[in-house]
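Working notes, structure below.
Count residues from 1 along the sequence. Being a predicted model, the structure only gives us computed values, none of them experimental.
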Amino acid sequence: QVQLVDSGGGLVQAGGSLRLSCAFSGGTFSSYAMGWMRQAPGQEREYVAAISWSGISTYYSDSAKGRFTISRDNAKNTVYLQMDSLKPEETAVYYCAAAKAASRLRVGPDPEYWGQGTQVTVSS
């Protein structure tokens, strides 16, 4: 059974940076596209970024483009999200997700597996 464990959230000032990590276990990591989603209070869960199984292709929401970087280490079964120039409106619970097709992360989103989430709070 695939399990995803998110970590790295915390409190940061506006303009600051955080790096989220997601540890994958219970399956073949390199068979899955990976992504990050977020959910702010009272809002729907939204797509932030995704990466192909090989790491060659990366995808970003318009709000994340240019400030966030998704990467993966297939030797460590881990995916990362580097977030720079954070804004207060990006305060949310951030979730790691896995899917056989990256399209399921970018639309919906409708992944096959979710992490438990990690809280990111950006103060103004």
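- Contact of the K65 side chain with the Y59 side chain is not registered, since no non-hydrogen atoms from C-beta on lie closer than 4.5 Å.
- You'll find the side chain of S85 reaches within 4.5 Å of the side chain of R67, heavy atoms only.
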Review point. Do E46 and M37 pass the side-chain contact (heavy atoms from CB on, under 4.5 Å) test, and can you show the C-alpha distance, the side-chain angles, and the key distance before you say yes or no?
Key: CA-CA 5 Å; E46 64 174 359; M37 320 297 158; over 6 Å; no

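- For the pair P88 and S124, the tightest heavy-atom approach, listed with the atom from each and the gap, is CG-CB, 3.8 Å.
- In this structure, Y47 is not a member of the same hydrophobic cluster as V79, with clusters built from ILVMFWY side-chain heavy atoms closer than 4.5 Å.
- Linking ILVMFWY residues whenever their side-chain heavy atoms come closer than 4.5 Å, directly or via other members, leaves V93 and L86 in distinct clusters.
- Between F24 and Y32, the gap from one ring centroid to the other is short of 6.0 Å.
- In this structure, A97 and L105 approach most closely via the heavy-atom pair CB-CD2, 3.8 Å.
- Under the side-chain hydrogen bond (donor to acceptor under 3.5 Å, both in side chains) test applied with Y94, the options R38, Q119, Q39 reduce to a single match, R38.
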Exercise for review: Give the C-alpha distance, both sets of side-chain angles, the deciding distance and a yes or no for side-chain contact (heavy atoms from CB on, under 4.5 Å) between Q3 and Y113.
Suggested key: CA-CA 7 Å; Q3 289 190 321; Y113 302 101; over 6 Å; no

Check your understanding: Between W114 and R45, is a side-chain contact (heavy atoms from CB on, under 4.5 Å) present by the stated rule, with each step listed?
Key -> CA-CA 12 Å; W114 290 98; R45 202 168 290 190; 3.3 Å; yes

Practice item. Starting from the C-alpha separation in whole Å, work towards a yes-or-no answer on side-chain contact (heavy atoms from CB on, under 4.5 Å) for S25 and V2. Key: CA-CA 6 Å; S25 63; V2 170; over 6 Å; no

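- The minimum heavy-atom distance between S31 and K100, with the atom names listed, is O-CD, 3.4 Å.
- In this structure, the separation between CZ on R72 and OG on S30 is 7.5 Å, given to the nearest 0.5 Å.
- Note that OG of S57 is 11.5 Å distant from CD1 of I70, once rounded to the nearest 0.5 Å.
- In this structure T28 satisfies the side chain to side chain donor-acceptor pair (under 3.5 Å) test with no other residue, sequence neighbours excluded.
- The minimum heavy-atom distance linking A50 with R106 is given by the pair CB-CG, 4.2 Å.
- The side-chain heavy atoms of V122 and E89, taken from C-beta on, include no pair separated by under 4.5 Å.
- Note on M83: it does not cluster hydrophobically with Y80, by side-chain heavy-atom contacts below 4.5 Å among ILVMFWY residues.
- Of the candidates L11, L81, V12, V12 is the only one forming a side-chain contact (heavy atoms from CB on, under 4.5 Å) with L18.
- Side-chain atoms of K76 and F29, non-hydrogen and from C-beta on, never get closer than 4.5 Å to each other.
- Annotation: side chain of T91 is not in contact with side chain of V120 (no heavy-atom distance under 4.5 Å).
- Considering only heavy atoms from C-beta on, L20 comes within 4.5 Å of T118 through its side chain.
- Atoms CH2 and CE, from W53 and M34 in turn, are 15.0 Å apart once rounded to the nearest 0.5 Å.
- Taking 4.5 Å as the limit, some side-chain heavy atom of W36 sits within range of a side-chain heavy atom of D6.
- Heavy atoms only, all atoms of each residue included: P109 and P111 are closest at C-CD, 3.5 Å.
- Proximity of Y95 to L4: side-chain heavy atoms (C-beta onward) are nowhere separated by under 4.5 Å.
- Remark: Q82 pairs with D84 by the side chain to side chain donor-acceptor pair (under 3.5 Å) rule, at least two apart or across chains.
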